[in-house]
Amino acid sequence: MSRTRVLILGGGYVGLYTALTLKRKARDKVDITVLDRRPYMTYAPFLPEVGAGSIEPRHAVVPLRRELPEVRVLQGKVDSIVHADRRVTATTDLGEELVVEYDELVVALGAVSRTLPIPGLLEFGIGFKYVEEAISLRNRVLGRIARAATTTDAELRRKLLTFVFVGGGFAGVEAFAETEDMAKAALRYYPELSRSDLNFVMVEAAPRILPEMGPEMGAYTVTELEDRGMRVLLETRLESCVGGHVVLSNGEEFEADTVVWTAGVKPSPVIQASDLPLGPRGHVNTAATLQVIDDSGAPIGGAWAAGDCAQVPNLVEGEGDWCAPSAQHAVRQAKHLGANLARHLAGDPLDEYKHKHLGVVASLGLNKGVATTMGFKLRGWPAWVMHRTYHLLAIPTFNRKARVALDWTAAVFFRRDLVSMGRIQEPRRAFEEAARS
């Protein structure tokens, strides 16, 4: 009996968990292919701790080939989806074109950074969505501290030690707080510098940060950050950052050597050019069964979607019309999608996705955090413990859970590693200098 060819676009939360669930529930009925540009799934909630040196970067990612041994994994960038022909084209990093045909398609492409046409942002800004960006930010901050300690130019030192984060959502706040915590810890090795030399600035266009936590917890977080000497500028926009010259909508202008952009995400642009039906916000339009549907609500045969690139109806009262783009929903949607696809192949009725959000947690550095869950609001050390506990349980595979737990255990006895390896981005520099000498 021929197997159904299932193509999963994206190897993130949805891609990995859909493949695992489908492999378990319909092993003998499907040939599964996962197509993603990266050969691993990134556990995004751990990126701030990767950037702060609390977790080894490799431990925050899950290798797809290791966890999906019976699944075909292709590495390439998706270029087009022509569902009418059941065909996807992609390009490898070597420039070769891949053409993949399928019977059932799972769109799990997630989201990309939502940028604005701000002068200098493309050339000067740094994102914070992938593990390589977290590593780069860590190296950059520690490298700037080392350079600032060796210069006698006061203006240059001020620029090197000014770090601007744009966006006050979870990614921005956690990256902002964890990075400052790391930078402050690094100063113990630089007697030439003091805490007052560090200038961490957050820019947020909305009137509050962490909107998912409500105004009370958002206000507490602002107070907590400002008590640490950090600046949080609400209702303020980044107007320009050409060459590091930062111009804000409140009239401020100053020099900064690091600008981190965390101001939201948007659905993968690939789906905009596909022939799949889209919702009003540019997401793939789906039913609660996670089948892709047209404008009339009728399912499109052979197409499924979930996660940040999908518009999934929220069947829980009081939580909005659509499911929020969170890791919590993505993981549960993926498992539900895999189970529903297995039911579909067996000819069984499909179940609708329904999940009440359990709450949200955010780390603000070592021993500091905020959390709202099951009607309770936690601050400080209890929230930080909840943050670590929840995400340790949520990261896929026992292998990664154990490695992250070991990282944290080692940190109890040894201080975090604060070595900058910025030269890793220029591996041939020393060789070229030697060859020219």
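Residues His336 and Tyr17 place their aromatic rings such that the two centres sit no closer than 6.0 Å.
Nearest heavy atom pair, residue Leu105 against residue His83, reads CD2-ND1, 4.3 Å. Residue Gly110 comes nearest to Cys309 through the heavy atom pair O-CB, 3.2 Å, listed as atom of the first residue, atom of the second, then distance. Taking every heavy atom of both residues into account, Ser363 and Ala177 meet most closely at O-CB, 4.4 Å.
Electrostatic pairing of Glu180 and Arg195 counts as a salt bridge here, judged by a charged N lying under 4.0 Å from a carboxylate O. Glu252 and Arg231 are joined by a salt bridge, as a carboxylate oxygen and a charged side-chain nitrogen come within less than 4.0 angstrom of each other. A salt bridge between Glu224 and Arg379 is absent, with no side-chain N of the basic residue lying under 4.0 Å from a carboxylate O of the acidic one. Ion pairing of Glu239 with Arg237 is present here, as a side-chain N (NZ or NE/NH1/NH2) and a carboxylate O approach within less than 4.0 Å. Salt bridge annotation for Glu155-Lys159: absent, with no cationic side-chain nitrogen under 4.0 angstrom from a carboxylate oxygen. For the pair Asp181 and Lys368, the salt-bridge criterion is met [side-chain N within less than 4.0 Å of a carboxylate O]. Look at Arg158 and Glu255 and you find no salt bridge, because none of the NZ, NE, NH1 or NH2 atoms lies under 4.0 Å from a carboxylate O.
With Gln328 contributing its side chain and Gly359 its backbone, the two residues share a donor-acceptor pair below 3.5 Å. In terms of modelled atom types and a separation under 3.5 Å, the side chain of Ser113 and the main chain of Thr115 share no donor-acceptor contact. In this structure, Arg157 contributes its side chain and Thr151 its backbone to a donor-acceptor pair below 3.5 Å.
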- Mind running side chain to side chain donor-acceptor pair (under 3.5 Å) on Ser194 and Ser196 for me, showing each step along the way? CA-CA 5 Å; Ser194 67; Ser196 60; 2.9 Å; yes

- Task: Output, in order, the C-alpha distance, side-chain angles, deciding distance and verdict of side chain to side chain contact (heavy atoms under 4.5 Å, CB included) for Arg58 and Tyr40.
- Result: CA-CA 10 Å; Arg58 290 173 302 156; Tyr40 51 79; over 6 Å; no

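Classification of the Phe46-His391 ring pair by plane angle, with boundaries at 30° and 60°, yields perpendicular.
Between the side chains of Glu174 and His387, a donor-acceptor pair is found at a separation under 3.5 Å. Between the side chains of Thr89 and Asp79, no donor-acceptor pair of N or O atoms lies under 3.5 Å.
Evaluation of the ring pair (Phe, Tyr, Trp, His ring centres under 6.0 Å) test over residues 135-169, restricted to residues two or more places apart or in two chains, returns Phe163-Phe200, Phe165-Phe176.
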